[in-house]
Amino acid sequence: MSLPQRIFALIDVNNCYVSCERVFNPKLEHRPVVVLSNNDGCVVSRSYEAKKLGIKMAVPFFQIEDLVRQHQVQVFSSNYALYAEMSRRFMNILGSFVDPCEQEVYSIDECFLEFTAYHDQYDLTSYAQQILSTVKNWLGLPCCIGIGYSKTQAKLANHLAKNNSCFQSVCNMVDEDPCIIEDLLTYLPVGEVWGVGRKIRQRLEKMNIHSVMDLVEADPKMIGQHFSVVLENTVKELRGIACLEIEDVIPDRRQVLSSRSFGQPIEDKNSLSGALTEFTLRAVERLRQQKLLCKAVGISIRTNRFNKNEYYRPYTTVYLSDYSDDRLDIIKAVQQGLDRIYQAGHRYKKAEVILLDIIPQHAHAVDLFHNTEEMIERQNLSATFDYINQKFGRDVMTLGRLITPHGRTWAMTQSFKSPSYLTKWSDILKVS
């Protein structure tokens with residue numbers, strides 16, 4: 001008895017950051033809205049109304065300020081805490097429609113689901129519409145769903161659902177008329193295929209492969225010979241042969257990075273020390289949440305990359321005596337690294353901390369001659385640190401290095417940031 005053909009779905013939030021802002025501010029509906037990147041640098045999310053005005057993704061904000069004023073475009077700084085919490089709730093809702101092994105969180109606003117087991121039980125288009133209405137009713141987020149015989153087909157179907165109103169936010173390539181799908185793919189540029197970037201697209205076009213349909217009709221073996229087995233599998237996936245599985249287990253991290261540009265350039269070492277301490281605390285938070293340990297720390301500081309005459313970007317690695325998730329040990333290593341690479345006279349624009357040589361906590365064997373009593377005391381201290389900040393808010397308990405005479409000069413510029421509606425008691429919406 002043959003196994004049923006695999007069926008996958010990709011669901012994502014339309015204009016995710018903008019949609020999150022609109023949930024808590026309904027007056028933004030039907031108005032042009034953009035969300036900016038760190039330090040209010042570039043546009044990272046746009047409403048449909050903003051796209052119609054010609055505002056491009058990743059355009060620097062200063063280049064569109066006249067357009068913003070002329071059309072009264074609503075501008076917001078990135079509110080990552082809000083978006084992360086909305087994403088967590090979004091993924092939890094999706095998880096209620098499938099078994100855990102049938103869900104793969106692909107990004108903050110995208111999720112793959114496997115529908116193979118539900119094809120005989122439900123009309124998949126209706127099932128997808130039920131998912132969309134649940135997310136909209138419970139979270140207020142508008143979404144689109146693409147359904148196909150592979151993850152690549154599902155990704156492509158999602159694109160069609162988002163850009164063709166006739167699908168009503170659900171494009172089901174499994175049950176849709178093949179002639180309609182073929183016609184759409186004939187006019188869709190090959191660069192819209194998942195994994196086909198600019199350079200691959202240019203090479204394909206030289207081979208007279210311009211549309212998605214051209215790639216579907218190409219010989220997979222020939223594509224593999226000219227490119228790679230990855231693109232060969234992409235062609236197979238476009239034909240409905242599933243080569244990619246649902247990854248329900250998150251792979252072990254190889255590193256944890258905390259990096260940020262400063263709101264204003266920094267010259268003094270104390271401010272750099274405070275910035276690196278804050279970045280280290282953020283990285284260690286993620287390390288401890290995922291029950292991981294690190295053995296080394298990479299430290300980098302850099303000046304403005306556009307100033308070629310004085311560009312300075314040193315990097316160093318400091319190794320710990322043993323695998324650790326202890327804030328004090330790791331911050332001590334970071335400060336040692338800063339001592340190595342800091343040079344006075346530069347105006348530093350960015351810094352980063354990278355936790356390296358990552359292993360799970362359960363995989364670590366304690367050295368026979370380790371001071372067990374001291375280790376337990378430090379673990380209890382770290383656990384208390386976590387508990388206080390989880391209960392009363394991030395950085396309620398912190399380290400003295402973060403407190404400088406001039407304040408947090410390294411803080412991001414967030415001139416248009418909305419309240420943290422879901423993560424701060426003081427910012428919760430009040431109904432009068």
Side-chain angles (χ1 to χ4, degrees), residues 2-12 57 98 101-107 109-119 124-125 128 144-164 166-167 169-251:
S2 61
L3 294 173
Q5 190 165 6
R6 307 283 294 280
I7 299 175
F8 300 86
L10 176 71
I11 176 171
D12 76 339
M57 183 66 98
V98 294
C101 62
E102 297 171 329
Q103 179 182 21
E104 176 188 341
V105 177
Y106 182 65
S107 69
D109 67 332
E110 290 181 284
C111 184
F112 284 105
L113 304 175
E114 183 162 358
F115 279 177
T116 307
Y118 308 96
H119 193 210
L124 293 184
T125 301
C144 284
I145 296 182
I147 302 172
Y149 288 116
S150 67
K151 289 170 73 173
T152 304
Q153 270 197 1
K155 184 90 169 170
L156 194 59
N158 180 275
H159 176 83
L160 294 175
K162 199 179 295 290
N163 292 278
N164 295 272
C166 61
F167 289 118
S169 301
V170 177
C171 176
N172 182 0
M173 292 177 70
V174 172
D175 297 328
E176 186 59 73
D177 184 341
C179 294
I180 294 176
I181 297 299
E182 183 175 329
D183 187 54
L184 289 170
L185 298 188
T186 300
Y187 294 98
L188 194 63
V190 70
E192 297 296 342
V193 174
W194 187 27
V196 176
R198 179 176 58 85
K199 291 184 179 180
I200 294 178
R201 174 183 58 78
Q202 291 172 348
R203 289 177 60 190
L204 286 170
E205 289 174 348
K206 289 179 181 178
M207 299 168 63
N208 207 30
I209 298 175
H210 298 277
S211 71
V212 176
M213 201 63 211
D214 291 337
L215 188 59
V216 172
E217 294 175 342
D219 178 14
K221 289 294 182 184
M222 181 272 292
I223 293 294
Q225 290 169 1
H226 283 83
F227 294 89
S228 66
V229 68
V230 175
L231 196 60
E232 179 182 338
N233 286 338
T234 295
V235 177
K236 292 178 181 178
E237 289 243 324
L238 286 172
R239 293 180 169 191
I241 303 170
C243 301
L244 302 174
E245 296 290 333
I246 291 290
E247 299 179 11
D248 58 307
V249 177
I250 299 174

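Just so it is clear, the structure is predicted and the values come from calculations on it, not from any experiment. The basis for the numbers below is simple: all heavy atoms, side chains too, and nothing from hydrogens, waters or symmetry mates.
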Residues two or more places apart in sequence or in another chain: which of them pass side chain to side chain contact (heavy atoms under 4.5 Å, CB included) with Glu176?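 Glu176: side chain to side chain contact (heavy atoms under 4.5 Å, CB included) contacts with Phe167, Ile180, Ile181.
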Going by side chain to side chain contact (heavy atoms under 4.5 Å, CB included), name the residues that satisfy it together with Glu192, two or more places apart in sequence or in a different chain.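 By the side chain to side chain contact (heavy atoms under 4.5 Å, CB included) rule, Glu192 matches His159, Leu188, Pro189.
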Applying salt bridge (Lys or Arg N to Asp or Glu O under 4.0 Å), name anything that partners [X], two or more places apart in sequence or on another chain.
X      : value
Lys199 : none
Glu110 : Lys155
Glu217 : none
Asp109 : none

Using the salt bridge (charged side-chain N to carboxylate O under 4.0 Å, His left out) rule, collect all pairs that involve residues 220-234, keeping only residues at least two apart or in two chains.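 Pairs touching residues 220-234 that pass the test: Lys221-Glu232, Glu232-Lys236.
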Which residues pass the side-chain hydrogen bond (donor to acceptor under 3.5 Å, both in side chains) test with [X], sequence neighbours left out?
X      : value
Glu182 : none
His119 : none
Asn164 : none
Asp183 : none

Taking atom [atom1] of [X] and atom [atom2] of [Y], what is their separation to the nearest 0.5 Å?
X      : Y      : atom1 : atom2 : value
Ser228 : Asn233 : OG    : CG    : 8.5 Å
Cys101 : Glu245 : SG    : CD    : 11.0 Å
Arg203 : Ile209 : CZ    : CD1   : 11.0 Å
Leu204 : Ser211 : CG    : OG    : 10.5 Å
Leu160 : Leu185 : CG    : CG    : 6.0 Å

Go through Gln103 and Ile246 one step at a time and tell me if the side-chain contact (heavy atoms from CB on, under 4.5 Å) criterion holds. CA-CA 7 Å; Gln103 179 182 21; Ile246 291 290; 5.8 Å; no
Is it the case that the side chain of Glu104 and the backbone of Glu247 share a donor-acceptor pair, with hydrogens and angles ignored and the cut-off at 3.5 Å?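 Checked: pair present.
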Between [X] and [Y], is any pair of side-chain heavy atoms under 4.5 Å apart?
X      : Y      : answer
Phe8   : Glu237 : no
Asp214 : Val190 : no
Ile223 : Leu215 : yes
Val235 : Asp219 : no
Ile7   : Ile147 : yes
Ile11  : Asn158 : no

Which atom pair, heavy atoms only, marks the closest approach of [X] to [Y]?
X      : Y      : value
Ala161 : Cys171 : CB-N, 3.6 Å
Cys144 : Lys162 : SG-CA, 3.8 Å
Ala117 : Glu102 : CB-OE2, 4.0 Å
Arg239 : Gln153 : C-NE2, 3.8 Å
Tyr149 : Ala242 : O-CB, 3.8 Å

Taking ring pair (Phe, Tyr, Trp, His ring centres under 6.0 Å) as the cut-off, I'd like each qualifying pair that reaches into residues 187-238, sequence neighbours left out, listed once.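 Sorted result for residues 187-238: Tyr106-Trp194, Phe112-Trp194.
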